[in-house]
Amino acid sequence: MPPTRIRSTKVSALPERLRPRKAPSQRRAKHLVSAVLEAGSRVLLERGYERLSMQRVAQVAGVSPGSLYQYFPDKAALVAAIVDAMSQRELAFQLEQFGKLPAEATLLQALELMVRSLLTFQRQEGPLMRRALEAMQHLGRFPALAARATDAAAGLRLLLEAHRAEVVVADLDLATHVLANAIHSLTHDGVLARPDSLDDETLVREALRLTSGYLRTR
């Protein structure tokens, strides 16, 4: 069965020290918070975490600093909300791609779609994701991020189960762990930043060589 029925895990999005002061309930307040998050993303892209200021975010969002502080006590809480929202978008995008897998797709075709979809998301939000990664040393990891990575990996495991006859690795949990981390590192600039000379097609080709060799070679 293709992995089309993954359900997102519901967890508390942020630890207490990074939570907003309150959640917007009325439409006007929701629009304000949305504008602040968009402005915060722009300032984070432009300046990075250390040079981001709440005053600049308020200016870009077109709101008063007081309105900003009603919801976010400091820039750590604001950036954490930006990271959390981006994490939700990435998981939703990945699950949508899993849902497009045709039943007759081969294992390699499915893995290729996975790698290409991750690269597509990177093209959309890669610069912001890199800024967010830089900010994580100030924020620390929080449970929601790990939970969403687990949800995405669950789709990969179902894919491996659906093609069990093609996989020589005996332990599918192990295979899922190895592949999820390998693919994520390749598409998200894990250990080394992606060189400018490495285009998408080359990366897809080499990622498939890596994954297919691991799955099919004893």
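Along the sequence shown, residues carry numbers from 1.
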- How about Leu78 and Leu37: do any of their side-chain heavy atoms sit closer than 4.5 Å? yes
- CD/Glu134 to CG/Leu139 distance, rounded to the nearest 0.5 angstrom? 12.0 Å
- Message: How long is the straight-line distance from CZ of Arg89 back to CE of Met129, given to the nearest 0.5 Å?
- Response: 9.5 Å
- Task: Give a yes or no answer on whether the side chain of Ser185 reaches the backbone of Asn181 with a donor-acceptor pair at less than 3.5 Å.
- Result: no
- Return yes if a side-chain donor-acceptor contact under 3.5 Å exists between Thr176 and Asp173, otherwise no. no
- Message: Less than 4.0 angstrom from a charged side-chain N to a carboxylate O is my criterion; do Arg205 and Asp200 meet it?
- Response: no
- Can you find a heavy atom in the side chain of Val168 that is under 4.5 Å from one in the side chain of Leu215? no
- Query: Is the closest basic N to carboxylate O distance between Arg116 and Glu201 below 4.0 Å?
  - Reply: yes
- Minimum side-chain heavy-atom gap Leu118-Phe93 below 4.5 Å: no
- In Å, rounded to the nearest 0.5 Å, how long is the span from CG of Leu101 to CD of Gln109? 9.5 Å
- Message: Going by the rule side chain to side chain contact (heavy atoms under 4.5 Å, CB included), which residues pair with Ala149 if we only count those two or more places apart in sequence or in a different chain?
- Response: none
- Query: Between the side chains of Arg123 and Thr120, is a donor N or O closer than 3.5 angstrom to an acceptor N or O?
  - Reply: yes
- Have Ser67 and Ser64 got a donor and an acceptor in their side chains that come within less than 3.5 Å? yes
- Message: Taking side chain to side chain contact (heavy atoms under 4.5 Å, CB included) as the definition, give me every residue that meets it alongside His138, ordered by chain and number, with sequence neighbours left out.
- Response: Tyr49, Glu50
- Query: Can you get from Leu91 to Leu133 by hopping between Ile, Leu, Val, Met, Phe, Trp and Tyr side chains that sit under 4.5 Å apart?
  - Reply: no
- Query: Under 3.5 Å, is there a donor-acceptor pair linking the side chains of Glu90 and His188?
  - Reply: yes
- Task: Enter the distance from Glu166:CD to Leu108:CG here, rounded to the nearest 0.5 Å.
- Result: 7.5 Å
